[in-house]
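Notes follow the structure.
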Amino acid sequence: MAGYFIQPRLTTERIPYLWRYARPLLIMWVSWSIIYLILPFNFHIVATDGYFAERSMYWQKLLTTPLNTLFEGGLVHLWYIPGLLSGLTVITILLRFKLERLIIPVASGLFIFGLMAGSYSQMTDLSSPIFTRNGPFFSSFMIMLGFEVRRRNIRLSLKYSIIMLVIGFGLFIGEANYLSLQENGSFFHDFLFGTPLWALGIFFVLLAKPNFGDNKITHTLSKDVLGIYLCHLIIVIYYLNIVRLLGINSIIASILAVPVVLIVSTLIVRGLRKTPIARFLVR
C-alpha cells in the first residue's frame, strides 16, 4: 500500500519527498523508542529487585545486538517504521540515479537473500548482520509491488484476485509446515515465498472493490491506526502482567485480550492527540 500511494510523487520528487514522508515517522519512532526504553515491562521484577534491575536487563539485551536494535527501536514491534523507510530509501536511490530498470531485480535480490538468511537459513547456512525481517530485505520487495502496480496500472478481476490470495496463503502455510519439520525448525515466520502472492491477492481484491469499507466508522477509526500500532504492545505487556498478578483464567484472558488492548490503545491515542506533544507521538 505504501508503494502504491507514494509512487507518483516519489517518482517525480524523489529524495525531497522521501524526507518529507520519513520525517514525522522518524520522530514518532524515536519518541516511542525512548518511552519503551524507560517504561518497565515486568512488574514482578520491579517489585522484587527494583526498577533499574528490570530495565538494565532489557537494556543489556538490546546492546547485545546493537545493529539489529538500530533497525528495530526500543521495542520489537517498531521494526516496521525503519523497515518501511529502508525499503523506500532503496527505491528512491535507484530513482535518483535513473536506475528504474533495477528496482525489480534489486528488490527481488534483497527479498531472496532475506528468506535464505532468515526462515530458510537452517537449510542454506546463510546469515545476516540483522534479523532479516528488519531493514530493507522484505520491505523493498513489498513496496516495489505496490509501486509497480501503480506505475503500470495493473488490475485483476475479483475472481482472480481471490484465487491469487488463496494460492499465496496455501503456499505460505505449506512452507511454514515444511520448515517446521526440518531440524531445529520453527513455526514462526514473518515472510515466506507465499507472502507476496498472498499480499498481492488481498491488495487486488481491494482495488477491485474500491468502495469496500467506505463509511463514517471506518474513516473515524482509520485516524487512530498508526497510533494504536505504536502504543499497543505496551498495553499487551501490561495486560499480561495484570493477568498473572490476578491469576485470571487463561481462556478468559485470551478472549478479553484483543478487545481490552484495542479499547485501551484507542483511548490512549485519542487522549495523546489532545496534548501539546501529540505531533511527537501520534499523527
Provide the closest heavy-atom pair for [X] versus [Y] in the form atom of the first, atom of the second, distance.
X	Y	value
Val269	Gly227	CG2-C, 3.3 Å
Lys209	Leu158	CE-CD2, 3.7 Å
Ile81	Leu25	CG2-O, 3.9 Å
Met164	Leu197	CG-O, 3.4 Å
Leu88	Leu10	CD2-CD2, 4.3 Å
Arg14	Lys98	NH1-NZ, 3.9 Å

Determine whether a donor-acceptor pair (N or O, by modelled atom type, separation under 3.5 Å) exists between the side chain of [X] and the backbone of [Y].
X	Y	result
Thr218	Gly213	yes
Thr12	Pro8	yes
Trp29	Pro82	no
Arg55	Leu37	yes
Ser56	Ala53	yes
Tyr229	His77	yes
Glu175	Gly194	yes
Ser33	Gly74	yes
Ser121	Leu126	no
Asn68	Phe131	yes

Can you find a heavy atom in the side chain of [X] that is under 4.5 Å from one in the side chain of [Y]?
X	Y	value
Val90	Ser86	no
Tyr120	Leu192	yes
Arg133	His189	no
Leu179	Met123	yes
Glu54	Asp49	no
Ile35	Leu281	yes
Thr132	Phe111	no
Leu63	Thr69	no

If you count heavy atoms of other groups shown closer than 6.0 angstrom to [atom1] of [X], is the number above 12?
X	atom1	result
Met1	CE	no
Arg279	CZ	no
Tyr80	OH	no

Under the salt bridge (Lys or Arg N to Asp or Glu O under 4.0 Å) rule, what do Arg20 and Glu13 come out as? Steps first, then yes or no, please. CA-CA 10 Å; Arg20 290 198 302 276; Glu13 301 178 42; 2.3 Å; yes

Approximate separation, where rounding is to 0.5 Å, of [X] [atom1] and [Y] [atom2]:
X	Y	atom1	atom2	value
Phe280	Ile34	CZ	CD1	10.5 Å
Phe141	Phe147	CZ	CZ	14.5 Å
Leu84	Ser139	CG	OG	7.0 Å
Asn153	Leu207	CG	CG	9.5 Å
Leu240	Phe43	CG	CZ	10.0 Å
Leu145	Phe204	CG	CZ	8.5 Å

Joint cluster assignment, [X] & [Y], ILVMFWY side-chain distance < 4.5 Å:
X	Y	value
Val243	Ile45	no
Leu246	Leu256	yes
Ile252	Val236	yes
Leu115	Val106	yes
Leu62	Ile130	yes

Going through the distances and angles, do Leu200 and Val149 end up as a side-chain contact (heavy atoms from CB on, under 4.5 Å)? CA-CA 9 Å; Leu200 269 181; Val149 166; 4.2 Å; yes

Decide if the gap between the ring center of Phe41 and the ring center of Tyr238 is smaller than 6.0 angstrom.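 Ring centroids of Phe41 and Tyr238 are no less than 6.0 Å from each other.
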
Check: His232 ring centroid to Tyr239 ring centroid under 6.0 Å: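 Here the rings of Tyr239 and His232 have centres that are no less than 6.0 Å from each other.
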
Go through the steps for Phe203 and Tyr4 under the test ring-ring contact (aromatic ring centres under 6.0 Å, His included), then give the verdict. CA-CA 10 Å; Phe203 192 61; Tyr4 184 87; 5.2 Å; yes

Does any donor atom in the side chain of Asn134 or Glu72 lie under 3.5 Å from an acceptor atom in the other side chain? yes

Donor-acceptor side-chain pairing of Asp214 and His219 below 3.5 angstrom: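 Yes, side-chain donor-acceptor contact under 3.5 Å.
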
In terms of relative ring orientation, are [X] and [Y] parallel, tilted or perpendicular, with 30° and 60° separating the classes?
X	Y	result
Trp59	Tyr51	perpendicular
Phe172	Trp198	tilted
Phe113	Phe137	tilted

Let me see the working for Leu226 and Val282 under side-chain contact (heavy atoms from CB on, under 4.5 Å), right down to the final yes or no. CA-CA 7 Å; Leu226 178 59; Val282 293; over 6 Å; no

If you apply the rule side-chain contact (heavy atoms from CB on, under 4.5 Å), what do you find for Met28 with Leu230, and how did you get there? CA-CA 8 Å; Met28 286 183 281; Leu230 289 164; 4.0 Å; yes

For Leu26 and Trp19, run side-chain contact (heavy atoms from CB on, under 4.5 Å): C-alpha distance rounded to whole Å, both residues' side-chain angles, the deciding distance at 0.1 Å, then the answer. CA-CA 10 Å; Leu26 284 172; Trp19 173 240; 4.1 Å; yes

